[in-house]
Amino acid sequence: MTETSVMGIRSRIGEALIDAIRNLGVEGDLPDLELGRAKGPDHGDYASPVGMKLARVLRQPPAQIASRIAETIDVPDGAATAEAVGGYVNFRLTAEWLQRLVAQVDARGQGYGATDLGHGERMQVEFGSINPTGPMHIGHGRGVVLGDSMCRLLEFTGHAVQREYYVNDQNTQARRFGLSVMARMRGEEPPEGGYTGAYVTELAELARGELGDIGSLPSDEAEAKVRQFAIGVMVERIRASVARLNVPYDEWFPESRLWLEGLPQLAIERLRESGHLEERDGALWFGEGDEEEDRVVIRSTGEPTYFASDLGYLLSRFERRHFNRVVEVWAADHHGYVNRMKSAAAALGIDPERLVIILHQLVNLKEGKMSKRAGRFVELDELIDRVGKDAVRYFYLLRSPDTAIEFDLELALTQGNENPVFYAQYAHARLVNVEVTAGERHATLPERADVSLLVQPWELDVARQLAFWPEVVEDSTKLLEPHRIPYYVHDLATAVHRFYHAGNETSEYRVVVDDPELTRARLELCRASRHTLKAALELIGVTAPERM
RNA sequence: GCCCCGCUAGCUCAGUGGAUAGAGCAUCUGCCUUCUAAGCAGAGGGUCGGGGGUUCGAAUCCCUCGCGGGGCGCCA
């Protein structure tokens, strides 16, 4: 098997398909051949409706085109056979190739499926950056898990990724938060629009102990001190929560640092010179002079808005820190901000394509909308306490970002016990157990496996799933859609469970049998699937237990 | 009013314009003396929200209507 096989079998069949078409004399651009997984076993493993696609160009019946392609196509390494059915060409992976794949996957270990797609591209993913004015709730957990899983995918595919949390430590919300805590310290109600959750009162208690008497200070000094303290405590709590989800942020970047570095100021200067800013009603606006679209950068009071910070933040990341691309993960309630950020980037001379914004729909409580200010939410920590880190991550990732989640805590708790994550973890633990048993029953086993002994359909089905892994990684990465991974994990786990179970029904199909050669071959399959299962679980931040 | 997302099995959700639309849960029926039953095998369950259109081909693309969620601030 050649080295190119690491690119994934789908791509290789795709290339062979194009070669075959060229050999028919077709030149110029080709339509999308829609080579993809076949529907069912009757149609093989991959299929392309290539006959229909080329019928017009070649002015021949689809079936005839498909036949000619099926006859002439040369799939490398004899990886697949081609068969024309109507205008389709169906590809079936050969047993010989699947067997060799097993040995190759075992050799590559958890690196199987990893690529250099990104060529070391410097990327930042900024996610989970909630205002540190309260604990993380179950809505925020979604963005955190999504963002971190994207990072894992990007790292696996050769990107240099930095995980960043943007800490809003000096905006209006932060000030309101500080004022709310201060009010509670004095035994007063928080101001209008302030934060009323019970944690605010607890924070006031803490602050009283830590800061002592602030009554003697001028009120703005006192506010700054309390705010700084309260934000600091909240950031630590958030840090602890995300750590429980196994999310390793590289940078906690405070908004205030932008101003210390003079970046918003610089951005404003530049935009002013390029004519993107306009004074109106005593405030400074960004935009095209459209009353509806334009946004305030500096208020008439002279105070900057968050947007001013964001302008500086763009410079910080694209110019100062030289990220080639920045991915931002936002909840859908920020969607109105997407175009503004893109046009801001463009106005600053940054290609908006380099700013990738991923939106995910909201997580709502069954009882209604969550609200930090009103103190109505389910904390992320509580969910982790109740169902565990792995189930939480899996739960979020089983949904496409476009699907809104209506969260029912009671239901989540019952489902925690039968969470699909255990199905996958169990498959992994079983494989480990089999390998241990093999070591106990056989003092010595052949060093190399004779993979041609893997002939049972359920054995080849496991190998088939392994063959699909590279394309799953590729698609998930290119589309930035980590939710594809848990679905693959499930399919692989199913194949593994069936393979295992064959030995429960008939003992000669067990992995560990008297024949050392046969045992060794099946062990190779166990290892290959264990590596892949573990790699896949790691990409979504779920542990692969050795025992359950 | 304008913008974004969704509507697929009883429930929760997958589904790069391709063939007979899938999974989990729930329901029902089988399978443990022997590598882990947190498992396996099987059954039932669908006008892919409605209606138009494009296409050889539409759950998928376009238009339109309905329902649900979210957003349209000198808040973030």
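These values consider heavy atoms only, across backbone and side chains, with no hydrogens, waters or symmetry-generated copies. Every chain is numbered from 1 and lettered A, B, ... according to where its sequence line falls, protein lines coming before strand lines.
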Whole-Å distance, A:Tyr396 OH to B:C13 P, equals 14 Å

Picking from B:G39, B:G6, B:G18, the nucleotide nearest the side-chain atoms of A:Met52 would be B:G18

As its Watson-Crick or G-U partner within any shown strand, both distances under 3.5 Å, B:C72 has B:G1

What one should report as the nearest heavy-atom pair of A:Arg227 and A:Ala174 is CD-O, 3.3 Å

chi for B:C11 classified (syn = within 90 degrees of 0, anti otherwise) as anti

From CG of A:Asp32 across to P of B:G18 the rounded distance in Å is 9 Å

Taking a pair to mean Watson-Crick or G-U wobble geometry with both distances below 3.5 Å, B:A19 pairs with none

Any strand, both distances under 3.5 Å, Watson-Crick or G-U wobble: B:A9 pairs with none

In terms of side-chain heavy atoms, does A:His497 have a donor or acceptor partner in A:Arg430 at a distance below 3.5 Å?
yes

Measure the shortest side-chain to side-chain distance between A:Ser300 and A:Asp281 over non-hydrogen atoms and say whether it is less than 4.5 angstrom. no

In Watson-Crick or G-U wobble terms, with both distances under 3.5 Å, the base opposite B:U29 is B:A41

>> Between A:His483 and A:Arg399, does the side-chain contact (heavy atoms from CB on, under 4.5 Å) criterion hold? Intermediate values first, please.
In response: CA-CA 6 Å; A:His483 74 273; A:Arg399 286 165 177 76; over 6 Å; no

